[in-house]
Protein chains: 2
Amino acid sequence: MTERKPRKDAARNRQAVLAAADDLFSRCESPEGVTLASIAAAAGVGKGTLFRSFGDRTGLLRALYEARLEPVRKAVESGPAPLGPATPPRQRVLALLDTLLCFKLDNRPLMLALEESGSGSPYQADHYERWHGLLDTMLGQIPGLTDSDFTAHALLAAVRADLVEHLAGHACVPRERMRAQLANFTAGVLGADPVRGLANES
Amino acid sequence: MTERKPRKDAARNRQAVLAAADDLFSRCESPEGVTLASIAAAAGVGKGTLFRSFGDRTGLLRALYEARLEPVRKAVESGPAPLGPATPPRQRVLALLDTLLCFKLDNRPLMLALEESGSGSPYQADHYERWHGLLDTMLGQIPGLTDSDFTAHALLAAVRADLVEHLAGHACVPRERMRAQLANFTAGVLGADPVRGLANES
DNA sequence: TTGCAAAGCGGACCCACGGTCCGTATCGTT
DNA sequence: AACGATACGGACCGTGGGTCCGCTTTGCAA
């Protein structure tokens with residue numbers, strides 16, 4: 001194997017940086033303000049260390065994202081209904097989008113930073129590919145629905161971080177209302193009748 | 001009136017800058033590469049001039065955008081069907097989104113730069129407000145459709161510049177296919193049956 | 001315990017880019 | 001022609017991401 005065990009202090013510093021960044025992001029608005037130097041300072045390490053651990057800004061953001069996303073990923077990959085793999089497609093799509101929305105609501109500054117930094121567009125990040133692929137597959141299993149690929153993109157676009165931020169931050173749309181609107185919209189896209197209880201489908 | 005007629009050379013320089021920027025944007029990929037200094041150089045003026053005319057990068061982008069958008073705006077505000085105001089809502093929504101998509105396809109680098117620069121999110125730009133307001137109104141006139149506000153946001157999100165860029169540039173989805181997919185998707189959102197000829201509705 | 005690479009540290013340094021400033025050139029009016 | 005107002009342009013600045021390299025720490029081994 002190519003694994004070289006990292007030195008103890010290295011591991012500790014990595015954790016410190018992660019923690020500091022996490023903290024700064026949840027504390028401050030406007031991810032612009034969270035500079036790499038400030039993260040390094042908050043973590044009590046030098047900039048060099050930070051870059052060695054994460055490559056660049058995007059790398060750090062991604063690492064943070066992965067860390068926070070872990071439980072969600074688990075739930076989707078092998079959890080119980082309505083998120084887990086044993087759920088019928090319609091409900092699972094609803095559940096997935098709802099989960100994504102909530103996640104972005106709960107991690108606004110980070111998600112904002114991640115999407116806008118991504119050295120270009122968020123569409124190049126492979127975590128996007130993952131969500132898109134999953135959604136695509138699920139949509140493909142819904143009879144009567146065409147263009148699952150594009151539809152997946154469009155649905156994901158409806159929960160983009162900056163839109164969420166705009167609605168939650170500027171328009172002050174409350175969380176539950178947003179969730180309801182998204183569910184309603186999604187149900188419309190999936191065809192059929194707008195779901196009311198979001199859990200009665202064959 | 002507060003209008004002070006600008007000096008002749010000022011006007012000429014403004015045009016030169018606009019032209020140069022237009023050219024650079026349509027020529028180069030990755031709007032990152034189009035720096036203000038390079039625009040100034042290409043226009044044969046100093047950076048100071050550029051900033052005096054447009055305030056900042058976003059101002060320049062916006063000016064360019066407005067200029068290119070002019071015909072579209074006219075067509076929407078007072079043109080003939082299916083874009084003009086006399087069109088029934090369903091068709092007009094379809095037509096508007098299609099138009100927007102085509103516009104972004106035709107102005108990829110510029111739109112990309114505009115959306116990602118906007119000193120924050122594209123949602124703070126007032127041209128976004130305009131499109132959203134219009135769409136919102138139109139959607140409100142479609143019976144049986146709820147949450148027109150959110151729906152308008154979601155539909156606009158489906159034609160965001162970076163998504164369009166991703167599909168057209170990376171995934172190499174041909175123009176007509178994208179238009180068809182978008183039309184299909186939109187029709188789904190509007191309720192009812194997926195339109196086939198996109199022009200048979202009461 | 002001590003010695004000694006290798007791994008890691010950190011902050012001085014670099015560069016690109018957006019944006020400002022002010023001495024100088026041009027306009028256009030009298 | 002002459003003079004104020006207007007605009008020019010490029011030197012200059014601040015900021016923030018990313019790099020470099022001499023010094024410190026670690027952990028293995030004698």
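These numbers come from a predicted model, not from an experiment. Letters A, B, ... mirror the listed sequences (proteins, then strands); counts begin at 1.
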Encode nucleotides 15-21 of chain C as B, S and - characters from 5' to 3', where the letter depends on protein heavy atoms closer than 4.0 Å: B to the base, S only to sugar-phosphate, - to neither.
--SBBBB

Checking side-chain hydrogen bond (donor to acceptor under 3.5 Å, both in side chains) for the pair A/T146/B/N184: CA distance, chi angles, key distance, verdict?
CA-CA 8 Å; A/T146 57; B/N184 184 33; 2.6 Å; yes

Given D/dG9, is OP1 or OP2 found less than 4.0 Å from the side-chain N or O atoms of B/T49?
yes

From the list B/L18, B/D22, B/V17, side-chain contact (heavy atoms from CB on, under 4.5 Å) with B/I39 holds only for B/V17

Not counting sequence neighbours, list each pair that qualifies as a side chain to side chain donor-acceptor pair (under 3.5 Å) and has a residue in residues 35-47 of chain A.
none

Are a donor atom and an acceptor atom from the side chains of A/S148 and A/D136 found within less than 3.5 Å of each other?
yes

Is it true that B/F185 and A/H153 have ring centroids separated by less than 6.0 Å?
no

CZ of A/F54 versus P of C/dC9: gap in Å, rounded?
11 Å

Given atom CG of B/N13 and atom P of C/dA25, what is their separation to the nearest angstrom?
17 Å

Could you state the atom-to-atom distance from CD of B/Q15 to P of D/dC8 in whole Å?
13 Å

I need the CZ-P distance between B/R14 and D/dC8, as an integer number of Å.
11 Å

Would you confirm whether the ring centroid of B/Y65 sits within less than 6.0 angstrom of the ring centroid of B/H127?
yes

Return the value, rounded to whole Å, for the distance between atom CG of A/L50 and atom C1' of D/dT19.
13 Å

Reading nucleotides 23-30 of chain D from the 5' end, what letters show protein touch, with B for base, S for backbone sugar-phosphate only, - for no heavy atom under 4.0 Å?
--BSS---

